[in-house]
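Down below is the structure, laid out as C-alpha cells.
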Amino acid sequence: MPHLIAPTAQLHTSWLDAHSEWTRGTGQDGPGMRLAADSAFAIPEVFASWVYRLREQSDRTRPQPDGRVHATHWWIVEDDTYLGAIDLRHELDDFLLRAGGHIGYSVRPSARRRGLATWALGAVLPEARALGLTRVLLTCDDTNIASARTIERNGGVLEDVRETEIGRKRRYWIEL
C-alpha cells in the first residue's frame, strides 16, 4: 500500500533507481527538481543537501529566495521504494499562476498506470485546505492525457489551454 512521506536521504538508492528511468531530454519534472543546484545526486552528501532544501521549503518562518514560494514536498513510497513525488506550493507567484500551479507531481515510469498520481493528488487536497486555500490550480502539458485525467478525477475543471514559457499547458482549478 503506498503512502506519502517527507523526503528522506534514507531512500537515496531507490530515488536514484527511479530517476534513471526518465529518458534523456525528458527528465523528471516537477516536485523539487528546481531546487537541485546540480545533478550530482549519486553523491550521498549532495543528495542529502537537496533533501534538506526540500524539507526546509515548507518552513513558513524562513523567507524564500526570489523566484521561490513555500512548498511542502512528499514522496510516494511503497515498501521503502520511491515511486514518485508530489508537492504543494503554498501560494502562486506570476510564473506559477501562468504555468506551474499549486500542485505538481511525477510518478516513475515503471510505477505508472496504477492510479498513484490520482491517489496522491486526492491525499494532498486536504493539506491545501488546511493551509487555508479555497481552490488550487494544477497544470499539465496539453498532450499529457494521463495527467489531465488525474486532475479531472479529483474534480479539476479546465479553465483554458495556453502557451506558456514552458510549453502549451492545460490549466485546471479544483475547488476545495
Side-chain angles (χ1 to χ4, degrees), residues 1-7 11 15 18-19 21-23 25-36 54-55 57-58 60 64 67-78 81-176:
M1 181 100 188
H3 56 281
L4 298 178
I5 65 166
L11 291 179
W15 188 93
H19 190 65
E21 291 180 12
W22 274 273
T23 59
T26 61
Q28 181 177 358
D29 282 333
M33 296 306 293
R34 289 180 57 196
L35 292 179
L54 290 176
R55 294 177 73 122
Q57 195 179 14
S58 68
R60 290 170 143 307
Q64 292 297 304
R68 301 273 189 255
V69 299
H70 288 100
T72 303
H73 302 271
W74 295 273
W75 287 356
I76 306 164
V77 298
E78 186 173 55
T81 300
Y82 173 91
L83 301 176
I86 186 164
D87 64 29
L88 169 61
R89 298 166 196 114
H90 301 184
E91 60 189 328
L92 298 177
D93 60 14
D94 289 339
F95 168 75
L96 294 172
L97 181 60
R98 283 190 311 276
H102 284 100
I103 298 174
Y105 50 83
S106 62
V107 173
R108 70 188 289 176
S110 64
R112 293 180 182 162
R113 298 181 176 266
R114 293 179 42 195
L116 290 169
T118 301
W119 167 80
L121 177 55
V124 167
L125 293 175
E127 301 291 338
R129 190 176 307 110
L131 285 174
L133 299 173
T134 58
R135 65 183 191 148
V136 290
L137 175 67
L138 287 93
T139 70
C140 65
D141 290 344
D142 188 33
T143 58
N144 190 340
I145 302 306
S147 190
R149 286 188 181 139
T150 291
I151 298 165
E152 291 165 356
R153 285 184 185 118
N154 276 282
V157 176
L158 182 66
E159 178 180 68
D160 62 18
V161 179
R162 64 172 70 166
E163 290 298 330
T164 74
E165 58 266 48
I166 58 171
R168 190 168 175 80
K169 296 290 179 183
R170 299 173 67 86
R171 297 174 69 255
Y172 290 89
W173 289 95
I174 298 177
E175 299 291 331
L176 299 176

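Basis for what follows: all heavy atoms, side chains included, without hydrogens, waters or symmetry-related copies. Predicted model, so just to flag it, every value in this text is computed and none were measured.
Looking at Arg170, its side chain never comes within 3.5 Å of a backbone N or O of Leu158 through a donor-acceptor pair. Judged by distance alone, the side chain of Asp141 and the main-chain N or O of Lys169 form no donor-acceptor pair under 3.5 Å. Looking at Ser147, its side chain never comes within 3.5 Å of a backbone N or O of Asn144 through a donor-acceptor pair. Under the 3.5 Å distance criterion, the side-chain polar atoms of Gln57 are left unmatched by any main-chain donor or acceptor of Thr72. Counting only distance, with no hydrogens or angles, the side chain of Arg89 and the backbone of Gly100 share a donor-acceptor pair below 3.5 Å.
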- Query: Can you list the steps and then say if Val157 with Ile174 is a side-chain contact (heavy atoms from CB on, under 4.5 Å)?
  - Reply: CA-CA 6 Å; Val157 176; Ile174 298 177; over 6 Å; no
- Evaluation steps, side-chain contact (heavy atoms from CB on, under 4.5 Å), between Arg149 and Asn154: CA-CA 9 Å; Arg149 286 188 181 139; Asn154 276 282; over 6 Å; no
- Message: As a quick check of understanding, evaluate side-chain contact (heavy atoms from CB on, under 4.5 Å) for Leu11 and Trp75, giving each step before the final call.
- Response: CA-CA 10 Å; Leu11 291 179; Trp75 287 356; 4.1 Å; yes
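The line from CD of Glu175 to OG1 of Thr134 is 6.5 Å long, rounded to the nearest 0.5 Å. To the nearest 0.5 Å, atoms NE2 (His73) and CG (Asp87) are separated by 5.0 Å. Interatomic distance, Ile145 CD1 to Cys140 SG, rounded to the nearest 0.5 Å: 7.5 Å. Remark: Ile5 CD1 to Trp74 CH2 distance equals 12.5 Å, nearest 0.5 Å. With rounding to the nearest 0.5 Å, the separation of CG in Leu96 from OG1 in Thr139 is 8.5 Å.
Between Arg114 and Glu78 a salt bridge is recorded (basic side-chain N to carboxylate O distance below 4.0 Å).
Residues Val77 and Pro2 are not in side-chain contact: their nearest non-hydrogen atoms beyond the backbone lie 4.5 Å or more apart. Using a 4.5 Å cut-off on side-chain heavy atoms (C-beta onward), His19 and Tyr82 make no contact. In this structure, the side chains of His70 and Ser58 stay at 4.5 Å or more apart for every pair of heavy atoms. Within the 4.5 Å cutoff, no side-chain heavy atoms of Arg108 are placed close to those of Leu116. In this structure, Val69 and Gln64 have side chains that are not in contact, with every pair of non-hydrogen atoms separated by 4.5 Å or more.
Judged as a side-chain hydrogen bond (donor to acceptor under 3.5 Å, both in side chains), and not counting sequence neighbours, the contacts of Glu163 are Arg168.
Counting heavy atoms of neighbouring residues, nucleotides and ligands inside a 6.0 Å radius, atom CG of Asp160 exceeds 12 of them. The local environment of CZ in Arg60 is crowded, with over 12 non-hydrogen atoms from other residues, nucleotides or ligands closer than 6.0 Å. Within a 6.0 Å sphere centred on CZ of Arg162, heavy atoms belonging to other residues, nucleotides or ligands number more than 12.
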Which atom pairs, donor and acceptor, lie under 3.5 Å between side-chain atoms of residues 118-129 and protein residues at least two apart or in another chain?
from: Thr118; atom 1: OG1; to: Thr150; atom 2: OG1; distance (Å): 3.4

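Ring planes of Trp173 and His102: perpendicular class, angle over 60° (limits at 30 and 60°).
Counting only N and O atoms by type, the side chains of Tyr172 and Glu152 include a donor and acceptor under 3.5 Å apart.
Residues Leu4 and Ile76 share a closest heavy-atom pair of CD2-CG1, 3.6 Å.
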